[in-house]
There are 4 protein chains.
Amino acid sequence: MGITERKAREKELRRNAIIDAAEKIFFSREMDTATMDDIAEAAELSKGTLYLYFKSKEDLYLAITRRGLDILIDMFSKAVKKKKYGIQKIYAIGLAYYSFSRKHPDYFNAMTYFLAHSQEFNENTPTAMECALAGDRPLIIVRDSLIKGIEDGTIRSDINPSETAIILMGQSNGLIQILSKNLEHFKNMHPQFNLKSAENIIDHAFNLIHRSLEPST
Amino acid sequence: MGITERKAREKELRRNAIIDAAEKIFFSREMDTATMDDIAEAAELSKGTLYLYFKSKEDLYLAITRRGLDILIDMFSKAVKKKKYGIQKIYAIGLAYYSFSRKHPDYFNAMTYFLAHSQEFNENTPTAMECALAGDRPLIIVRDSLIKGIEDGTIRSDINPSETAIILMGQSNGLIQILSKNLEHFKNMHPQFNLKSAENIIDHAFNLIHRSLEPST
Amino acid sequence: MGITERKAREKELRRNAIIDAAEKIFFSREMDTATMDDIAEAAELSKGTLYLYFKSKEDLYLAITRRGLDILIDMFSKAVKKKKYGIQKIYAIGLAYYSFSRKHPDYFNAMTYFLAHSQEFNENTPTAMECALAGDRPLIIVRDSLIKGIEDGTIRSDINPSETAIILMGQSNGLIQILSKNLEHFKNMHPQFNLKSAENIIDHAFNLIHRSLEPST
Amino acid sequence: MGITERKAREKELRRNAIIDAAEKIFFSREMDTATMDDIAEAAELSKGTLYLYFKSKEDLYLAITRRGLDILIDMFSKAVKKKKYGIQKIYAIGLAYYSFSRKHPDYFNAMTYFLAHSQEFNENTPTAMECALAGDRPLIIVRDSLIKGIEDGTIRSDINPSETAIILMGQSNGLIQILSKNLEHFKNMHPQFNLKSAENIIDHAFNLIHRSLEPST
DNA sequence: GATGAATGAGATTTCATTCAT
DNA sequence: TATGAATGAAATCTCATTCAT
C-alpha cells in the first residue's frame, strides 16, 4: 500500500506543480496567447507529459479556475462564520468578494471567464464537473446567509433568498468587473465626475444594498 | 458631385454589408473561432477587400460592437425621454437594458467582451475610439437620470450620482450575464431553489434597487 | 503641334515625378519592402496611374537604375575628358566610380542589383533595353581609355583591353561592395588588422592596379 | 547512452535532409520566390517541422550559406597547404575561388547575397553567428598567405596584408560575379570585343594581380 | 510514466496588378 | 488620362494534440 499511496501522492504533487507552472504562464499573458509549449517549459516537463495529467489545455485552465473557486469558497466560509446576524454575514461576504478580487485578480478573471463560458466548455473531465459544483457553493453560502438574516430579522422577509442570492452574486461580479477594468478610463475621460477610489465606490454600493435588504421600519 | 456622393454612399453600403456578414459569422461561433476566410465567404468578397475596409479582424469586431452600442444608446435615450421623474427614468433604463440583452444577445456579448477587454485593444483606428466614446454614453444617461431624480425628489439626495451610475451599470451588466449564462444551470442543479424565470428575478432586482434609491420617509 | 508637344512634355514630367517618388520609397527601405501603394502615395497619384507609366514595379525600378547609370556614365565621361594619358584616365575613372558610390550609394546598389540580376529581368520594356545598353557604356569608356593608354605608352601593351576593362569593372564593383557592406564588421571583429578608412584601402588598391598596368621598365 | 547519441545523430540527419531539400528549392528559383511550402513538400515533411529545426526562412537560408562557406574554407585551406611560397598560395587561393564559383555557383550566390545583406539579417540564431564567423575565415587565410609571402620574399613588402586581403577578396568576388552574370551578354552585344572564355579572363586577371604583388626587381 | 518529434490545418495579412468608370 | 476598389494567390508562422519509443 505504502508504495501505491506514495505514487498517488507524487502524482498529485506533480499535478499541482503543473498547475503552478500553468498559472505563471496564464496569468502573465492573455489567456489565449499562452501556449502549451510555454507551460511545459515553465513546468520543466515535456509537452506530452502535460497531456498525461490534463486532457486538454482547457482542462488545465479549469484546474486553475478550480483553485480560485476553492480560495473564494474558503474566504466566504470564514466571512460567514465570523458574524452572527444574517445581514452582517452578507456584508462580510461582500467584503470578502472584493478582497478576493484584489488579492487574486487573476483567479477572479479566470472565474469570471468560466462563468461567462461554462456552457461552451465541452469537456466532461472530473475537473470540469468539480468546477461546476464548486461554482455553486458561493451562491449557496449567500443564500444561506440571506435565510439566516430573514430568520433573525436583520433582513426583510419579503425577499426571495434564492433569487436574491443570484442577484447579489451577479451584481457584485459585474461591479467588480467594471471597477477593475474601466474605472481608470472613466476617471481619465470624465474628470468632472470626480470619481474616488474603487473602495469608495464599493462602499457606496454596500450602503445601497444594505438599504435594499434591511427590514422596513 | 453626384458621382462623388454616390461613391461615398456605395462605399458605406459595402462597409455595412461586410459588417453584416461578419456579424453572421461572429455571432454563430465564438469570437475567436471566427476566421476572416469565413467572413469573406459570407460577404461574397475577397479577403483582401475586407482589409480594404477594416484594418484588422479586431477592427471589424469593434465595428460590430459599435453597432450594438448605438442600439443600446438609442434604447436608453428613448427610455429616458418617455418618463418624467428620475426614478422612473432609472427604472425605464433598467428595463431597456434587459430588453436589449434579450433582443440582441449577441450585441450584448460583444459589448461585454469589449468592456472587459477594452484595455487590451491596441488599435488606434477611428472605430476603436468611437467605441470608447460610445461606451460612456449609457453611463452618462444613467448619471443624468440620477441627478434628475435627486432634483425632482424621487431619488435620495445622499447618493453620489456618478458613483451610483457606475454601480448600477456594473451591477446590471453582471446580473444579466449571470442570468443569461447560468440560470438554466442553477435551475437544473438546484430544483429546491424553486427558481422562476429571468424576468421574475429581474423584477425582484428592480424592487431591491428601487428600495435602495427611494428617499427615506 | 504645340499641343501634342506640350502633352508629351507633360507626360515626361509626370513620368519623372513618379520616378522621384519611387526613389524616395525604394531608397528609404529595402527594395522588396517598398510597395506600389507607398509609391503611389508618395507620388500623390493613384496606383492605377503608376501602371499607366510603368509596366510593372520592376520596370519602375529599372527606370531608377537607368538614372543611376546616366549619372555614372556622365561622371566617367567627365573623368576621362579631364585627363590626357590613358593611365591617368583609368585612375580618374576609378576615382569617379568610388566617388559615385559614396555620393549615390542607393544608385550604386540599384546598379549592382541590376548587374547581378539582369538575366532574370524578363520585361522587354524600353526601359529594360535602355538599361542594358547604358550598362555597357562605362565598360566601353574603360576599354577606350585602356586602348588610349596602350597607344600613348602609359599602359602595358601586352594586356587585352576588352578583357582588362571587364576585369577592372568587376573588381572595382566588388571592392566597393565589400568596403561599403563589410568594412565596419571587419574593423569590429578584427581590431588587430588595424584597418584604416575605406579611402585608404581604395588608395592602396589603386597602387596595386597602377603597378599591374604600368609598362615594365 | 546509445539512445541519446542515436537521437542526436538522427536529428542532425534530418536537419541536413531539410537543408538538402531547401537547397533544391532555393537554388532552382530566386531566393525570395522560394516558399516554405515548397521546401516542406520537397523535404516530405510538414511545414511545422521545418520551424522545429529552423527559426525562420532566413535562418534556413543561412544554414545553406553556412554550408557554402564551409566548402569554400575547406578549398582555401587545401589550396594554401599545397603550396610553399606566399605568392603561390595566393595564386592557389584565387584558383580555388574560381573553381568554387564554377562547381558551386549556387553556394557562391548565396554567399554573395549574405555578404551584401549581412547587415540586414537580424536573426541572432546560432547559424547566423556561425555564418558571420565563418565569413571571415577566407579573408584570414588570404591575409596569412600575404604575410607568408612577404616573409619569404615572394610578395612585395610594402603592401598592407590586411588591406590587401580585403582588396583581393572584394575584387575576386566582383570579377567572378560579372563574369558569371554578364559575360554572355557582353559577348553577344559586343562581338568586336572578341571576348574569350571566362577562364581566359580569369587568367588575365591573375597575371595582373601577380604583377601588382611581385617584389620590384 | 515520460518524452519530444511530428503533424497539419489554419490564421492573419500583404500586395502587384487589373479594370470598370 | 486618371482613379481606386477589388482581387486572389501566397506567404510566413503557430500550436494543440498525438504517438512511437
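Lettering follows sequence order; numbering is per chain, from 1. The structure presented is a predicted model; accordingly, all values stated were derived computationally and were not measured.
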Aromatic centroids of A/Y61 and A/F114 separated by under 6.0 Å = no

To the nearest Å, give me how far apart CD (D/E10) and P (F/dA20) are.
-> 16 Å

Can you tell me the distance, in whole Å, between the CZ atom of C/F26 and the P atom of E/dA16?
-> 9 Å

Take the protein atom OH of A/Y51 and the nucleotide atom C1' of E/dA6, then report the distance between them rounded to whole Å.
-> 14 Å

Tightest non-hydrogen contact, residues B/K181 and A/L115, listed as CB-O, 3.8 Å

Output yes when A/E10 and A/R6 qualify as a salt bridge under the 4.0 Å nitrogen-oxygen rule, no when they do not.
-> yes

Rounded interatomic separation in angstrom, taking CG from B/L60 and C1' from E/dT12 | 13 Å

Do B/Y107 and B/I64 touch side chain to side chain, with heavy atoms closer than 4.5 Å?
-> yes

Can a salt bridge be assigned to the pair B/D70 and B/R66 using a cut-off of 4.0 Å between side-chain N and carboxylate O?
-> yes

Atom CG of C/D59 and atom C1' of E/dA16: how far apart are they, to the nearest Å?
-> 14 Å

Quick one: closest heavy-atom pair of A/F26 and A/A34, and the distance?
-> CD2-CB, 3.7 Å

Note: D/R67-D/D20 ion pair, threshold 4.0 Å (strictly below) | yes

Measure from NZ on C/K57 to C1' on E/dC15 and round the result to the nearest Å.
-> 8 Å

Side-chain contact test, heavy atoms from C-beta onward, threshold under 4.5 Å: evaluate it for C/E12 versus C/R9 and give yes or no.
-> no

Take the protein atom CD of B/E12 and the nucleotide atom P of F/dA5, then report the distance between them rounded to whole Å.
-> 13 Å

Nearest heavy-atom contact between D/A21 and D/A42 is CB-C, 3.8 Å

Please give, in whole Å, the distance from F/dT12 C1' to D/K55 NZ?
-> 14 Å

Below 3.5 Å is the cut-off: list the nitrogen or oxygen pairs between protein and nucleotides 1-4 of chain F, distance only.
residue	atom	partner	partner atom	Å
F/dA2	OP1	C/R14	NH1	2.5
F/dA2	OP2	C/Y53	OH	2.7
F/dT3	OP2	C/S46	N	3.3
F/dT3	OP2	C/T49	OG1	2.6
F/dG4	N7	C/G48	N	3.3

Contact summary for D/D59 and D/F54, nearest pair of heavy atoms = OD2-CA, 3.8 Å

Can you list, by residue number, the residues of residues 33-42 of chain A that have a non-hydrogen atom closer than 4.0 angstrom to DNA chain E?
-> none

Of all heavy-atom pairs linking C/A63 and C/I19, the shortest is CB-CD1, 3.7 Å

Secondary-structure string, 5' to 3', Watson-Crick or G-U under 3.5 Å, | for another-strand partners, for DNA chain F | .||||||||||||||||||||

